[in-house]
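The next block holds one structure in the form of structure tokens; read it before the comments.
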Amino acid sequence: MKTRARYDQVILPTYAPPAPVFVRGSGSQVWDEDNNNYIDFGGGIAVLSLGHCPPVLQHAINKQAATLMHLSNLHINAPAVHAAQLLTEHTFAERVFWCNSGAEANEAALKLARRYGVMQRASKSKVLSFENAFHGRIGLTMAATPQSKIREGFGPLAPGFYSSPYNDLAAAAAALDNDFCAIIVEPVQGEGGINIATDEFLQGLRALAKQHDALLLFDEIQSGAGRSGKLYAYMNSGVIPDILTSAKGLGGGFPVAAMLAAANIAEVLNVGNHGTTYGGNALATAAAAAVLETLLADGFLAGVEERAAEITRRLTDINNKHHCFSAIRNSGLLIGCDMEENGAKNWSAKELATTALAEGLIVLTAGSNTLRLAPALNIPAQDIKEGFARLEKVIAAHRSRRS
């Protein structure tokens, strides 16, 4: 029995993956069980910041695995301290809390914010998030995610969470009062459709947070770790949050996440207030340190901007020829293309992604009908060229069928 058939027998049916079973990856290419080749424009949903199996990450993981893998947070390990120091030296933050996933990082951030609020006043526990946000599928993060497809059937939700429209500062101002402890926002909404916050919106939220003595939380699970062309997307706006969360690309494929905070805020959590068994384990943080050192090397992030410009140019050329996108948005190498919807010639992002896979190209979807690209930050020029050749073949065939 092939792996795909066994999958259906033994894996909980919370996903609906297509048929290919991938067995090998290198750089921005992968191969399936039948040795078919694919160009990867999805990057494991913005996780594979350095591509598949990068030598620098292999070396770091292998070296650490042969030395010390795990202790628990009852003891100190050097890789966790080193990786945290890299983050504090190159961001606004002064303290780091290591954890395992983006949802766990956001859960920690929301707990910290609520702790900060209720220590001022018991009623100061409300949180504002924004429409189309995605902050996670557990506990507080699910309550902060105002999407029925995430929440439905899992109630009752944690109380005290409210939402308002994204990029609408007036609506946010109207929603807030002095019982809010936090505003949580993605500088770039990934799952929501690659929606990019304006500088004015983020600056306004910073002012509103100050006005209501609330904390400003930036969820950079998807937009962080070099994805935007800066180490973190907040650096593009000039707005400094109080708390920031990071995951996905931070480990380059190894599960690791972090909550970053200013010292005066972090200090409201004392020994025993929060914890995690695997968070900050030596193997995970050695991987994070290897990724961070690569991202911070001279010229690396400039290369992200160059690749983003090239990919955006190629998307524009395809659109000029085939009229398939109603909008193209990008924050570095997090790129969203809204599909053109015009009756009989309607373009479906899901259908396009399925057809692209059959032609040897991995792409993602987001929002209601957005094609999402999140390739490796160091994707080679030849793989960009070949990937777009495959993408245009799919789009041209689709247009021919619908004409």
Side-chain angles (χ1 to χ4, degrees), residues 46 49 87-94 102 105-106 109 113 127-135 144 163-173 175-176 180 182-212 214-250 258-262 265 292 295-296 300-302 304-309 312 327-336 366 372 374 377:
S49 45
L87 286 170
T88 57
E89 286 178 350
H90 295 279
T91 70
F92 73 94
E94 298 161 301
N106 281 338
V127 176
L128 182 68
S129 63
F130 297 93
E131 293 175 6
N132 296 316
F134 181 82
H135 298 298
S163 64
S164 67
Y166 192 70
N167 270 333
D168 186 336
L169 192 59
L176 289 164
F180 277 81
I183 302 168
I184 183 169
V185 63
E186 297 159 279
V188 183
Q189 289 186 334
E191 301 300 321
I194 320 303
N195 305 312
I196 302 170
T198 65
D199 290 351
E200 293 76 16
F201 181 59
L202 296 179
Q203 290 162 5
L205 293 181
R206 176 73 280 175
L208 287 171
K210 182 177 180 181
Q211 177 185 335
H212 294 286
L215 300 181
L216 182 61
L217 282 56
F218 275 12
D219 175 345
E220 292 224 35
I221 302 303
Q222 193 156 163
S223 64
R227 180 62 49 184
S228 71
K230 302 290 187 185
L231 187 60
Y232 286 97
Y234 82 85
M235 297 171 177
N236 288 313
S237 68
V239 176
I240 298 175
D242 299 300
I243 302 172
L244 179 146
T245 54
S246 182
K248 288 191 179 290
L250 181 60
M259 177 188 70
L260 287 63
I265 294 162
L292 287 167
L295 299 181
L296 292 165
F300 186 93
L301 292 175
V304 173
E305 294 282 15
E306 292 167 5
R307 289 169 175 82
T312 303
I328 300 170
R329 296 180 297 278
N330 82 288
S331 176
L333 283 173
L334 187 55
I335 302 164
R372 173 173 41 164
L377 304 183

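Computed from a predicted model, the values in this text were never measured in an experiment.
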Keeping the roles fixed (side chain from T245, backbone from N106), state whether a donor-acceptor pair exists under 3.5 Å. no

Smallest separation among heavy atoms of A93 and L260, with atom names: CB-CB, 3.5 Å

Is a side-chain donor or acceptor of Q189 paired with a backbone partner of E131 at a separation under 3.5 angstrom? yes

Kindly give the heavy-atom pair with the smallest separation between A366 and G190, and that separation in Å. CB-O, 3.5 Å

Any donor-acceptor pair under 3.5 Å from Y166 side chain to A133 backbone: no

Name all residues meeting the ring-ring contact (aromatic ring centres under 6.0 Å, His included) criterion together with F180; count only those two or more places apart in sequence or in a different chain, and write none if there are none. Y162

Which residue is it: I184, I240, D242? I am looking for the one with a side-chain contact (heavy atoms from CB on, under 4.5 Å) to L216. D242

How many angstroms lie between atom CG of N167 and atom CD1 of I196, to the nearest 0.5 angstrom? 9.5 Å

S163 side, atom OG; N132 side, atom CG - distance, nearest 0.5 Å: 9.5 Å

Could you walk me through whether L215 and I265 pass the side chain to side chain contact (heavy atoms under 4.5 Å, CB included) check? CA-CA 9 Å; L215 300 181; I265 294 162; 3.7 Å; yes

Inter-residue atom distance Q222.CD - S228.OG, 0.5 Å rounding: 12.0 Å

What is the distance from atom OG of S223 to atom NZ of K230, rounded to the nearest 0.5 Å? 14.0 Å

Could you pull out all residues at least two apart from Y234 that satisfy side chain to side chain donor-acceptor pair (under 3.5 Å)? none

Closest contact, heavy atoms only, L202 versus P187: CD1-CB, 4.4 Å

What's the shortest heavy-atom distance between A105 and I221, and which atoms? CB-CD1, 4.3 Å

Any donor-acceptor pair under 3.5 Å from D219 side chain to H135 backbone: no

Testing the basics here: between L334 and A374, what is the closest heavy-atom pair and its distance to 0.1 Å? CD1-CB, 4.2 Å

Who are the salt bridge (charged side-chain N to carboxylate O under 4.0 Å, His left out) partners of E191, not counting sequence neighbours? R372

Drop me the distance from L333's CG to S49's OG, to the nearest 0.5 angstrom. 11.0 Å

Name all residues meeting the salt bridge (charged side-chain N to carboxylate O under 4.0 Å, His left out) criterion together with R227; count only those two or more places apart in sequence or in a different chain, and write none if there are none. none

Would you please name every residue forming a salt bridge (charged side-chain N to carboxylate O under 4.0 Å, His left out) with R307, sequence neighbours left out? none

Is the closest side-chain heavy-atom distance between F130 and I183 below 4.5 Å? yes

Would T91 and M235 count as a side chain to side chain contact (heavy atoms under 4.5 Å, CB included) if you check the C-alpha gap in whole Å, the side-chain angles of each, and the deciding distance to 0.1 Å? CA-CA 9 Å; T91 70; M235 297 171 177; 4.3 Å; yes

With a 3.5 Å distance limit and no angle check, can you tell me whether E220 reaches the backbone of A233 through a side-chain donor-acceptor pair? yes

Sequence-distant partners of L169, side-chain contact (heavy atoms from CB on, under 4.5 Å), two or more places apart: F201, L205, L208

For the residue pair I335 and N330, what are the closest heavy atoms and their distance? CG1-CB, 3.6 Å

Can you list the steps and then say if N195 with R329 is a side chain to side chain contact (heavy atoms under 4.5 Å, CB included)? CA-CA 8 Å; N195 305 312; R329 296 180 297 278; 3.7 Å; yes

What is the distance from atom CG of L231 to atom OG of S246, rounded to the nearest 0.5 Å? 8.0 Å

